[in-house]
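Following: one structure in structure tokens, then a few remarks.
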Amino acid sequence: MRQPQQDFIEITIMFFLINLMEILFTHKTMKQLNIKQILMIAALIILSGCNQEVNEDYMIKKENFGEQDGKEVFLISLVNNEGNVVKLTNYGATVVWLEVPDKNGEKDNITFGYETLEAYLNGDPYFGSVVGRYANRIADGKFTLDGKEYNLAINNPPNTLHGGPGGWHSRVWDTEIIENNDEVPIIRFSYLSPDMEEGYPGEVRAEVQYSWTDDNELIIEYKCTSDKKTVLNITNHAYFNLKGAGNGDILGHELMIAASKFTPVDENLIPTGELKPVEGTPFDFTSPHIIGERIDDDYDQLKLGRGYDHNFVLDNKTEPDAMVYEPESGRLIEMTTDQPGVQFYCGNFLDGLEKGHGGMVYAYRGGLCLETQHYPDSPNQPDFPSTVLEPGKPFESRTVYKFSVK
Ligand code: BGC
């Protein structure tokens with residue numbers, strides 16, 4: 001990332017260097033230097049130190065990606081000091097591209113995305129997007145708050161899924177690029193969701209901040225406030241395939257989730273209300289297991305979910321909360337969150353027809369999601385942690401996906 005002050009520092013250093021050369025060429029000893037020349041040498045040493053602290057190679061590019069709802073849509077590329085790239089768009093506050101090396105240093109994009117805004121508008125609505133106001137399902141699209149029933153838009157009959165058809169994945173967010181010297185830049189997307197949008201009460205101001213660090217951490221921070229009591233559950237729906245997005249399925253990936261319980265579901269994928277211990281079930285990922293190892297077991301929850309599509313009740317005791325490793329590429333994700341749950345979804349509803357970047361086909365079970373969240377259907381489940389958002393009490397949360405190799 002080039003900073004104007006960096007140019008100034010470099011010009012100043014050049015000036016001092018010229019003077020230093022003059023001193024050297026005239027073979028002056030330390031004693032013969034005048035006070036001005038001594039000060040110049042001292043300033044040179046200090047300035048070259050300052051210059052090293054500036055992020056030399058970090059780059060941010062903001063390009064036009066089209067227009068939607070009368071607003072400009074951008075494609076923002078972040079290239080960290082390691083040359084690894086994350087691309088974001090303010091359409092749906094979406095992660096478009098995430099390029100990291102494998103164990104041989106070969107870089108590839110490992111998340112599902114499209115090349116054009118048009119493809120986003122016509123394609124799968126949740127590739128890398130932020131989902132809200134309520135991530136995952138609310139049974140029958142209804143909930144009651146302070147004795148009043150709210151009816152939501154139904155888009156996954158008989159339920160509401162991911163905030164309804166016009167959820168936050170489909171909105172154009174405002175974009176700010178926040179650059180601070182020596183700190184990793186922040187891309188802040190914000191959206192003002194009107195009262196009763198998709199049937200939810202309260203005007204909600206949502207903010208999602210992304211940063212992409214030199215340690216290959218994608219940090220996502222959420223902040224939401226409401227002017228009326230409402231419900232809220234916000235997450236990011238990125239699909240990962242550590243072999244490279246479009247390179248087959250994720251059944252050979254190894255997964256660890258630090259969750260001793262999960263929330264079993266009914267035939268409509270609505271939690272039954274039970275918090276079931278994972279021990280002795282194919283849902284025990286407390287130590288690493290290959291995803292495909294038990295996915296076809298004769299186990300009712302796997303049948304109901306068509307595979308894994310469940311909320312895991314995080315122990316929230318150790319870090320990371322989840323880990324994904326792919327042996328061929330050596331790529332690893334360590335995921336850490338402050339949320340009480342994570343939806344592990346392994347793309348059971350992907351039909352293999354979607355084509356993304358470079359025409360790559362995103363296969364059935366071709367990507368996995370670790371959607372950090374509150375539990376699905378919490379507004380109708382009194383024993384689940386509350387998802388009520390009260391005026392004056394902002395919701396704040398943070399999730400980090402760290403990418404490396406082993
Ligand atoms: C849900 C799946 C759903 C998918 C849609 C996931 O969060 O758990 O049931 O099909 O989102 O992309």
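Ligands are counted one by one from 1 in listed order, and the atoms in each one are counted from 1 as well.
Residue-level proximity to ligand 1 for N136 is carried by the side chain, the only part with a heavy atom below 4.0 angstrom. With a 4.0 Å cut-off on non-hydrogen atoms, F344 does not touch ligand 1 at all.
Note: Y401 and F240 meet the aromatic proximity criterion, with ring centroids under 6.0 Å apart. Ring centroid separation for the pair Y362 and F127 comes in under the 6.0 Å cut-off.
Of the listed residues (H169, R137, Q373), the one carrying the non-hydrogen atom nearest atom 3 (C) of ligand 1 is R137.
Residue contacts with ligand 1: Y126 is placed with no nitrogen or oxygen under 3.5 Å of a nitrogen or oxygen of the ligand (distance criterion only). Close N/O approach between Y239 and ligand 1 is found [any backbone or side-chain N/O within under 3.5 Å].
The nearest heavy-atom contact from the protein to atom 10 (O) of ligand 1 is F349 CD1, 3.1 Å. Of the protein's non-hydrogen atoms, the one nearest atom 7 (O) of ligand 1 is E371 OE1, 2.7 Å.
Side chain of Y191 to main chain of V208: no donor-acceptor pair is present (N/O by atom type, distance under 3.5 Å, no hydrogens or angles). A donor-acceptor pair under 3.5 Å links the side-chain atoms of R331 to the main chain of V100, judged by distance alone. At least one donor-acceptor pair closer than 3.5 Å links the side chain of D195 to the backbone N or O of G202.
Residue H237 has at least one heavy-atom neighbour below 4.0 Å for each of these atoms of ligand 1: 4 (C), 5 (C), 6 (C), 7 (O), 11 (O), 12 (O). Every atom of ligand 1 with a heavy atom of Q343 under 4.0 Å away is listed here by number and element: 8 (O). Atoms of ligand 1 lying under 4.0 Å from at least one heavy atom of D309, given by number and element, are 1 (C), 2 (C), 8 (O), 9 (O).
Note on ring orientation: taking the six-membered ring where Trp is involved, the planes of Y114 and Y120 are perpendicular (angle over 60°, cut-offs 30° and 60°).
In E274, the CD atom is crowded: over 12 heavy atoms of neighbouring residues, nucleotides or ligands sit closer than 6.0 Å.
Under the 4.0 Å criterion applied to side-chain N and carboxylate O atoms, R171 and E197 are assigned as salt-bridge partners.
For H162, the closest heavy-atom approach to ligand 1 falls below 4.0 Å.
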